[in-house]
Amino acid sequence: MQLHDIWFVLIAVLWIGYFFLEGFDFGIGVLTKLLARDRAERRVLINTIGPVWDGNEVWLLTAGGATFAAFPDWYATLFSGFYLPLLMILVCLIVRGVAFEYRHKRTEDRWQRNWEHAIFWTSLLPAFLWGVAFANIVHGVAIDRQKNYVGSFWGLLNPYALLGGLVTLTLFTFHGAVFAALKTVGDIRTRARAAALRLGLLTAVLALAFLTWTQAHSGTGWSLAALVIAVLALAGALVANQLAREGWAFILSGLTIVAAVAMLFLALFPNVMPSTLDPAFSLTVTNAASSPYTLKLMTIVAAVFTPLVLLYQGWTYWVFRKRIGVQHIPSAEV
Amino acid sequence: MELAVAHETIARWQFGVTTVYHFLFVPLTISLAAVVAGLETAWVRTGKEKYFHATKFWGKLFLINIAMGVVTGIVQEFQFGMNWSDYSRFVGDVFGAPLAMEALIAFFFESTFIGLWIFGWDKLPKKIHCACIWMVALGTVLSAYFILAANSWMQHPSGYTIDPVTKKAQLTDIGKVLFQDTTLVVVFHTLTAAFLTGAAFMVGIASFHLWKAKRRPETADGRKTAAMRTSLRFGLVLAVVAGLGTAISGDTLAKVMFEQQPMKMASAEALWDTQSPAPFSIFAIGNVNAGHNSVELEIPGILSFLAKSDFSSPVPGINDTAAAEAARYGGQPGDYIPNIFVTYWGFRLMIGFGMTSFVAGLIGLWTTRRKRFLAPAYRTAEDEVPRLMLTPTREMGPFLTRWSWRIGILTMGFPLIANSFGWIFTEMGRQPWAVFGLMTTADAVSPNVSVTTQVIAFSTFTALYAILAVIEVKLLVKYAKAGIDLTDRPPAKDPTLRGPSSDEDADKPLAFAY
């Protein structure tokens, strides 16, 4: 295994970490409208991710920064090519972050309601768009000799990519419902489990179709193995959810995300952005990578700091391990 | 050709708007994190209530501010790829490394510990809670360090080689990127300026409350006044120390820049012709086409001193520097002259606004000095508004007093203006280069992004940022005016990491919830 292969794995790990963590954050955001019945319940949901969503989002920034450092051409082609979808994601993430922090800063009903609408939409849209983006990456897009994307915005919205978007949206919402059942107490916990069942079944249908399509188009033996794990994990998560084993359900819904995203990366390797115009134009782990010096340097930095990050992020989850319910929500402040 | 110009222009405007906007929040975040950490430490160590109230009050303003800093920072991580893909391809090997380090080392730190700090008041023992805000403060400083190292590499590339085959920059020595003199001085200058920004902010808001308490003593509460008085003094000391640091580091940075980017410094002074000794310009109106100033007012010899520490050294002018760059890199001398109007006035406004806050801090620190320097009749208790004392026995008259407090309030945002002009100056002064001597800004833009797409993005960001600015400022004003909330109480008993022991605690509302 060469350095650029290690970095392909590390980038995959960062994206997997991001989708695992922000996956349930997005799911919680969507569920504020699907599951919560009143403002108190909405606040319960929002507060299950309150202390952690910001740290979870850093996985995205790190994935972006690491791609820039390890595969500059991948970074340049991807973000200049998928410009408008990325713009939408950025706008959503900006508004979403502000919405969490500012919603409770005033007591007026209209103020809070507007930010709650914002939380829903800005969670739903990125959850969908990340699927669209990754489906396009794996499938390949029109990349020319200069490594530039020459297709249009509408070219990114093909049926395969749209299906990918629906998969991430439903999968993250399912993951969020399982997380909500794990982190809440009272009536909402029971309803979260019921919602998880419905969402999980819907996810199963969509994900199976999408992953099979991916396997048929660009699969390998390894990606097939990941596909099987994803499907089994999803089935296991549903069973655990029915048995009210919420911890297991969460581990398994998380494993579904891990395996599904890993499958996409396995199907992608050794390309990082295949070209549909000419395979010779494809960006690969070799022709898009940085110099060995930079890769080695970044490997050392990652080896030292990634475990540290996992340690203190893990500790945060332990500190806020207590389930919360409507009785824990303080009355309106200010 | 015209299209290419539009391409570069819109991309530059977008970068300028999003970055200057982002940097309105950054210095306040850096300084307020440390200020809040200092205040909380004072509370943990002394147990004095005024420190708790001050921690909570400045903490709230800090959180309103950091929320915007964090979200506008996301754009920064991606817009190099979006609008500057040729730049990204060319520099990624070098420039990507500090960016990735920033995310992995600093952002995780900041974002994780800020969550613990916001929600942890009833979950963490107070010493650990206090340690969390120190971690946040450390994260903000580290973050600044890495991004400034990346920027310094654009100002003065070092520790790299150009690959003969790919013609791209390749990192050969990370030490030279992280620790070159440009980086060290810029970090020092930016951090001291950040602390000056937070100091002026504190002084302004504390002055507002103290001046109100002075005018309407019947509505004032001694506990609130005590917390604000402490904040005022804290802010004044910080303004003087940070202001002095900003001036010293600014002078050092100028000397470094005279060596590394003579054009930037010549354009900062609108010094068209090489002069020895060179004068410092007070006021000038230049004529770019003629290559000289039509009107100017100067102090002889000072520029030589700023550049080389003596009063006689020659300082190269714009015309000679441009001719030298044209001879070295090709093209016309005119191609290498930045926008002199912007650099010249940006430089002056940076110094003017920044140093006004420093001087205001100095005056404030003197007039509100400790009581042992005052005659007994003029001493005030800790929970009273201080008298503004010129000498141990002479208080300012009503007019001066009124205006002193008002100036404290009005200059609250001055360093923010100075910071913005500082960045505009240093980035515009580097033009036409994106990476000095290696890549022009025109060559750095994404070739495949259409002007339509750029216009959509630029107008979206501008509109969104404008709306958010209104919301943010209104919130800040609301919370700043509301002042100290005495109903905020420290937890009755110090929380333990193991959590509540009795069932009765289990249903207790959270100390903080969104």
Side-chain angles (χ1 to χ4, degrees), chain A residues 43 46-47 50-52 54-55 57-58 61-62 64-66 68-70 72-73 75-81 83-84 86-87 90-91 93-94 97-98 100-105 146-150 290-291 293-294 297-298 301-302 305-306 309 312-313 316 319-320 322 324 327-330, chain B residues 63-64 67-68 70-72 74-75 77-78 80-83 85-86 88-89 91-97 99-105 107-108 111-112 114-116 118-120 123-124 163 170-172 174 446-449 453 456-457 460 464 468 471 475 497 499 507-510 513-514:
Chain A
R43 291 185 67 193
I46 294 170
N47 279 290
V52 293
D54 192 5
E57 202 158 280
V58 177
L61 299 183
T62 310
F68 199 174
D73 279 312
Y75 173 84
T77 305
L78 177 60
F79 296 127
S80 65
Y83 196 113
L84 288 176
L86 183 69
L87 173 68
L90 292 178
V91 168
L93 295 183
I94 291 171
V98 175
F100 285 137
E101 297 293 344
Y102 287 3
R103 193 203 61 88
H104 64 105
K105 295 273 184 217
Q146 276 75 41
K147 299 180 178 172
N148 285 315
Y149 174 68
V150 289
S290 280
S291 65
Y293 176 87
T294 300
L297 166 76
M298 294 314 298
V301 173
F305 286 96
T306 315
V309 168
Y312 62 71
Q313 281 209 331
T316 309
V319 168
F320 299 105
K322 221 179 102 184
I324 52 175
Q327 68 271 33
H328 298 114
I329 300 298
Chain B
L63 290 179
I64 292 172
M68 290 289 288
V70 166
V71 297
T72 53
I74 305 174
V75 177
E77 192 79 26
F78 294 99
F80 295 108
M82 295 168 81
N83 273 344
S85 66
D86 275 357
S88 304
R89 291 182 208 283
V91 303
D93 199 294
V94 185
F95 188 85
L99 243 66
M101 291 182 196
E102 184 190 21
L104 187 60
I105 299 171
F107 288 165
F108 269 125
S111 303
T112 309
I114 191 78
L116 280 158
I118 299 175
F119 286 83
K123 297 270 190 292
L124 298 167
D163 185 284
Q170 269 191 7
L171 188 59
T172 55
I174 184 69
S446 300
N448 56 326
V449 174
T453 303
I456 292 173
T460 305
L464 177 66
L468 289 178
I471 294 172
L475 264 190
L497 278 173
D507 279 346
K508 217 174 66 175
L510 301 166
Y514 275 148

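Since the model is a prediction, treat every value here as computed from it, not as a measurement. Lettering of chains follows the sequences in order, A, B, ..., and the numbering in each one begins at 1.
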What distance separates [X] [atom1] from [Y] [atom2], expressed to the nearest 0.5 Å?
X      : Y      : atom1 : atom2 : value
A:L61  : B:L104 : CG    : CG    : 11.5 Å
B:M101 : A:T62  : CE    : OG1   : 13.0 Å
B:D93  : A:D73  : CG    : CG    : 10.5 Å
B:K123 : A:T316 : NZ    : OG1   : 13.0 Å
B:I74  : A:L90  : CD1   : CG    : 7.0 Å
A:L86  : B:F78  : CG    : CZ    : 6.5 Å

Compare every heavy atom of [Y] with every heavy atom of [X], then report the nearest pair and how far apart it is.
X      : Y      : answer
A:S80  : B:V449 : O-CG2, 3.7 Å
B:T112 : A:G55  : OG1-CA, 4.2 Å
B:A100 : A:A69  : CB-CB, 4.0 Å

Using non-hydrogen atoms and a 4.5 Å limit, figure out which bit of [X] sits close to chain B: side chain, backbone, both or neither.
X      : answer
A:V150 : neither
A:V301 : both
A:Q146 : backbone
A:L87  : both
A:L93  : both
A:I324 : side chain

- Examine whether an atom of B:F80 lies under 4.5 Å from a heavy atom of chain A, and if so say whether it belongs to the side chain, the backbone or both; otherwise answer neither.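 Contact with chain A is through both the backbone and side chain of B:F80.
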Is any side-chain heavy atom of [X] closer than 4.5 Å to a side-chain heavy atom of [Y]?
X      : Y      : result
B:I471 : A:K105 : no
B:I174 : A:Y293 : yes
B:D163 : A:S291 : no

- The side chain to side chain contact (heavy atoms under 4.5 Å, CB included) partners of A:E101 (sequence neighbours excluded) come to A:W53, B:A67, B:I118, B:Y514
- Item | Of B:L63, B:L468, B:I64, the residue whose pairing with A:Y102 passes side-chain contact (heavy atoms from CB on, under 4.5 Å) |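 By the side-chain contact (heavy atoms from CB on, under 4.5 Å) criterion, A:Y102 pairs with just one of B:L63, B:L468, B:I64: B:I64.
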- Task: Name the option with the most non-hydrogen atom pairs under 4.5 Å to chain A; the candidates are B:N448, B:V75, B:T72, B:L99.
- Result: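 When all of B:N448, B:V75, B:T72, B:L99 are compared, B:N448 has the most.
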- Find the one option among B:L124, B:D86, B:I105, B:V91 whose heavy-atom pairs under 4.5 Å with chain A are most numerous. B:I105
- Message: Under a 3.5 Å distance rule, please check whether A:N47 uses its side chain to pair with a backbone N or O of B:A513 as donor and acceptor.
- Response: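 Here the side-chain-to-backbone pair does not exist.
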- Message: Given 3.5 Å as the limit, does a donor-acceptor pair link the side chain of A:Y83 with the main chain of B:M82, or not?
- Response: no
- Please identify each residue that fulfils side-chain hydrogen bond (donor to acceptor under 3.5 Å, both in side chains) with B:S88, with sequence neighbours left out.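 For B:S88, no residue satisfies side-chain hydrogen bond (donor to acceptor under 3.5 Å, both in side chains) once neighbours in sequence are set aside.
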